[in-house]
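One structure is given here, and the rest of the page talks about it.
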Amino acid sequence: MTAHEHFPGLHRDALHGAARQACERIAPTWPLDRMIAVSPLWERRDQPWQTIAAQLWQRAGSRLSLAADDYRQAWQAGRIGARHLQQAVAEQGQAWTVEQLLSALDAEPVHASGLPLLEDLTEPGIALPGWPTLITQQIGQCCAAWFDHEQADWRPDAGVGLYQAWRSSMLADRGLSVLSPRRDLRARIAELPEQAGAALEAAVRDLGLTSKDWEPWFDCLLLRSLGWASWCAYRRWQARLQGGNDQNLLELLAIRAAWEWLVDDRQRGAESRWQRWRTAWQAGLQQSPSAAWQALQLWQRADELAWQEQLQQRLGQASAATPAQVPMAKLFFCIDVRSEPLRRALEQVCPDLETGGFAGFFGLPIAYTPLGTCATRPQLPGLLAPQLQVSDSSGDAAQDRHLAQMRQQRLTRQGRWRLFERLPASTFSLVESIGLGYAGSLVGRTSGLLGGTPEAHRSAWRDGEWQRLSPQLPAMGLAQKTELAARILQAMGLSGQVPELLVLIGHGSQSANNPQAAGLDCGACCGQGGEVNARLLASLLNDTEVRAELRSRGHELPAHCQVLAGLHNTSTDEVRIFGQQHLPAALQPAWQRLRHALDQAAVRVRQERADALGLAAAREQPGKLLDLLRRRARDWAQTRPEWGLAGNAAFIAAPRARTRDVDLQGRAFLHDYDWRQDREGSVLELIMTAPMVVAHWINLQYFTSTTDNLRFGSGNKLLHNVVGGHIGVFEGNGGDLRIGLARQSLHDGQQWVHRPLRLHVVIEAPQAMIDRVIEAHAVVRDLVQHGWLYLLRLDGEPARLERRTACGWQALAGA
């Protein structure tokens, strides 16, 4: 019998189109070794925020707000006031009073599980763990085996697709009939169509789903296996960057649909499970969000308005003071929020310095392969594909070969421990698995007795060997190198008289025994440290031939100016500078002042961070505090080596004079931008389509991981087990692949450290320039007009803000 005969009267093309559309709603998640922050709602941005919020509540029970107690505490502490609640109500045209909203916080909390699937209507007497858990567990184990190319010693036949591999594993699994009440389960599995598309059709037909059901049903199925769906979306994303496609997400959807077909007992009476499910399904589709849910949404918006008010006050009270016309040195940092406190401290301890903000990959479209390895990794945002391949070199090919051979031998010897470290046990129970002999090594690493380095690309190198090497661009012509340098300088906004020292500072984190460590490194470098990019660009800008060509293009880097590279360790707030030993004698006094300022500023930032890390007792003892932070970074049992980008709430693209001396509490991404040097708007267009989007991804990952950690976060870090070497983590020994952030990265055990607020983007530029970018780019238009972020324009002296909405520009309340 053909598929058409199986499907009389059904528009097959429409069905498969609906399936593809549902798959397009799934955002990617990056692997652990290049973990970057991604909004799990990214592919839903073409609809208004409130529409998606209500949809997720209906379909998955996802609240996208904090709990009532959190808002009650904010009210009692004065962080949210009556004016914020009243404005939130007015915006949405609702009839709530402040008193009613306060009363709503005392109502019994409503727990919604979302639209029901047939698997949820478990018949009495089913053996543990029940259909939903059993299905999620089985799909998770199948996908882990199918996608694992690194960790497992055995994997399924690679010659068939994901769906066919799943079907074969189901036929071979005798234990399923023991765990479920369906004694005929294996026979039912044998009846499954051999092709994914046919299985999808069979499930839709036999379960009696109409065309109105398809889209929400497919979405609900994928939300039940969101982790593996997101991994399939990543593979699709990467395939599309290379001009191809990947069908694994469609096959995963077919697997989920096939499971619904398998649990159907084929009874269709008035009291059958199927009828009860259909009744519950239709009721769920027609049900509006509850009043309790609506109240929490208003409280959430009021919280955002309260922060917006604070931001406006801070920016409005700041004086637009500018530093000396030619600063002693200018330091460019990544726009990462962890750079803001260090930049502020530097300018306070040494007013002759000037700092700037720029995306931490420093505009270099590279992938990096450390010498002596085959581990190529991207060093640019996940939105982009690498264009250049770079590696390390000493400048001598024979010496490079010798160094590479030595490193490979050491890595091979070290690899003996890798066998144990990839066992399916919690990372925090590793010592129990391999004995006390390894415990000594862990203690040594934690105490610092065995040394160690935070950068993975330096493993197996001795200091003397590493110092001989530097990252090298591939062979390029002078014109190509000059074009690359000119494009970067224009985007950085470097103009006018250039100081004698330019310093490019990337950043990286340091932690031990942390599968999600890359999530603390530079998101602009695809979850890697920014050292390689900073050193490469410094070398390019120090090239005398490139400088000569740049001069002809209007980019003056005088001979006395030297470009240095550095790395900010965000776990300890230490700043390492590379290449200072090659500075001429005339620049040594300036360098010594700079080094002293970096050290002083680092002390201030560590003191600022001490309370949040539980180290308040050592705040006034700089040496002890630094030792404690270093130990914390090496501690294999530490679940909170640092707070990462927790607290992020704003992205500001404006001259530094607008934010200099403003305490933004480490909550703002700061990108230098002067529209007067960008008359054609090309730099603004780049900022709004790249760094702004990346900041939005970070912001929504933290937002969703906080408001719904069960679905969009990765749960308890103590229970994490690495899947497939680098794919992701399970929480425990199975289930769905976990995405997003662990609870320990957001909550200190007493309260949320991250406050979930949609990103406030502040840009100083004329309305017309900003509007042109919005009109030209659908992605930016969706984010702004559908309320996924708040776009604010900074203008005047003192500064005032106005907001861009779907209806145009509107002055903020109190502006």
Side-chain angles (χ1 to χ4, degrees), residues 22-23 25-30 35 37-45 47 49 51-67 70 109-117 119-120 130-133 135-137 139-140 143 216-234 249 252-253 256 284 289-290 293 296-297 300 516 519 697-717 719-720 723 727-732 734-747 752 754 756 758 788:
C23 291
R25 294 291 186 195
I26 303 299
T29 184
W30 263 247
M35 182 181 175
V38 184
S39 164
L41 308 180
W42 173 245
E43 302 295 359
R44 301 172 191 261
R45 66 189 182 278
Q47 297 181 67
W49 170 267
T51 299
I52 295 301
Q55 191 180 90
L56 287 171
W57 172 252
Q58 177 197 65
R59 296 180 183 181
S62 184
R63 195 173 50 213
L64 291 189
S65 70
L66 293 174
D70 295 299
V110 178
H111 300 288
S113 56
L115 288 173
L117 295 177
E119 67 193 52
D120 298 323
W131 280 124
T133 302
I135 291 170
T136 300
Q137 184 85 359
I139 292 175
C143 288
W217 191 65
F218 291 153
D219 199 26
C220 287
L221 291 175
L222 290 171
L223 286 170
R224 294 290 182 99
S225 290
L226 182 60
W228 285 112
S230 300
W231 175 253
C232 292
Y234 165 75
L249 189 47
L252 178 64
L253 176 59
R256 258 295 179 183
S290 66
W293 178 86
L296 289 179
Q297 293 299 305
Q300 173 60 32
Q516 296 180 323
W697 276 16
I698 294 168
N699 174 261
L700 257 292
Q701 185 196 53
Y702 274 79
F703 186 110
T704 54
S705 293
T706 302
T707 58
D708 186 358
N709 197 263
L710 179 64
R711 182 164 289 99
F712 300 119
S714 58
N716 187 348
K717 188 180 289 188
L719 302 179
H720 282 178
V723 179
I727 291 174
V729 295
F730 281 151
E731 187 185 14
D736 193 20
L737 191 73
R738 299 308 301 266
I739 62 174
L741 301 165
R743 185 177 172 87
Q744 286 92 339
S745 297
L746 307 159
H747 196 280
W752 294 108
H754 179 71
R758 278 173 284 177
W788 290 85

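No hydrogens, no waters, no symmetry mates; every other heavy atom, side chains included, goes into these values.
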Chi angles and distances behind the side chain to side chain contact (heavy atoms under 4.5 Å, CB included) call for Cys143, Leu252: CA-CA 9 Å; Cys143 288; Leu252 178 64; 4.0 Å; yes
Might you work through the side chain to side chain contact (heavy atoms under 4.5 Å, CB included) test for Ile26 and Ser230, ending with a clear yes or no? CA-CA 6 Å; Ile26 303 299; Ser230 300; 4.1 Å; yes
Output, in order, the C-alpha distance, side-chain angles, deciding distance and verdict of side chain to side chain contact (heavy atoms under 4.5 Å, CB included) for Asp120 and Trp131. CA-CA 7 Å; Asp120 298 323; Trp131 280 124; over 6 Å; no
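The line from CH2 of Trp49 to CH2 of Trp788 is 5.5 Å long, rounded to the nearest 0.5 Å. Atom CD of residue Gln516 and atom CE of residue Met35 lie 4.0 Å apart, to the nearest 0.5 angstrom. Interatomic distance, Ile727 CD1 to Thr29 OG1, rounded to the nearest 0.5 Å: 11.0 Å. Once rounded to the nearest 0.5 Å, the distance linking CZ of Phe218 with CZ of Arg256 reads 14.0 Å. Going from atom CG of Leu117 over to atom CD1 of Ile135 covers 8.5 Å, rounded to the nearest 0.5 Å. We find the CG-CZ distance between Leu56 and Arg711 to be 8.0 Å, quoted to the nearest 0.5 Å.
Listed for the Ser225 side chain is no donor-acceptor partner under 3.5 Å among the backbone atoms of Trp228. A donor-acceptor pair is defined here as one N or O able to donate and one able to accept, closer than 3.5 Å; no such pair exists between the side chain of Asp219 and the backbone of Ala22. Side-chain atoms of His720 come within 3.5 Å of backbone atoms of Ser714 as a donor-acceptor pair (strictly under, hydrogens ignored). The closest donor-acceptor contact from the side chain of Gln58 to the backbone of Gly284 lies under 3.5 Å. Of the possible polar contacts, none joining the Asn699 side chain to the Ser39 backbone as a donor-acceptor pair under 3.5 Å is found.
Across all non-hydrogen atoms, the minimal contact from Gln137 to Gly735 is OE1-N, 2.9 Å. When all heavy atoms of Arg738 and Asn709 are compared, the pair lying nearest together is NH2-O, 2.8 Å. Here the shortest heavy-atom pairing between Ile739 and Gly227 reads CG2-CA, 3.9 Å. What you find for Gly740 and Gln701 is that their closest heavy atoms are CA-NE2, 3.9 Å. The two residues Leu253 and Cys23 make their nearest non-hydrogen contact at CD2-SG, 4.1 Å.
In this structure, Leu700 and Val38 have side chains that are not in contact, with every pair of non-hydrogen atoms separated by 4.5 Å or more. Between Leu746 and Ser705 the shortest side-chain heavy-atom distance falls below 4.5 Å. Residues Thr707 and Arg63 fail the side-chain proximity criterion, which asks for heavy atoms closer than 4.5 Å. Looking at heavy atoms from C-beta onward, Pro756 lies in side-chain contact with Leu66 at the 4.5 angstrom threshold. Residues Asp736 and Phe730 form no side-chain contact, since every pair of their non-hydrogen atoms from C-beta on lies 4.5 Å or further apart. The closest side-chain heavy-atom distance from Val729 to Val723 is not below 4.5 Å.
Geometrically, Arg44 does not engage Trp42 in a cation-pi contact defined by less than 6.0 Å to the ring centre and at most 45° from the axis.
The aromatic rings of Trp752 and His747 sit perpendicular to each other, their planes meeting at more than 60°, with 30° as the lower class boundary.
Under a 4.0 Å N-O distance rule, the pair Arg224/Glu119 qualifies as a salt bridge. Ionic pairing of Glu43 and Arg25 is not present here: no N-O contact between side-chain nitrogen and carboxylate oxygen is shorter than 4.0 angstrom.
Under the 3.5 Å distance criterion, with hydrogens and angles disregarded, a donor-acceptor pair is assigned to the side chains of Ser62 and Asp708. A donor atom on one side chain and an acceptor atom on the other are not found under 3.5 Å apart for Glu731 and Asn716.
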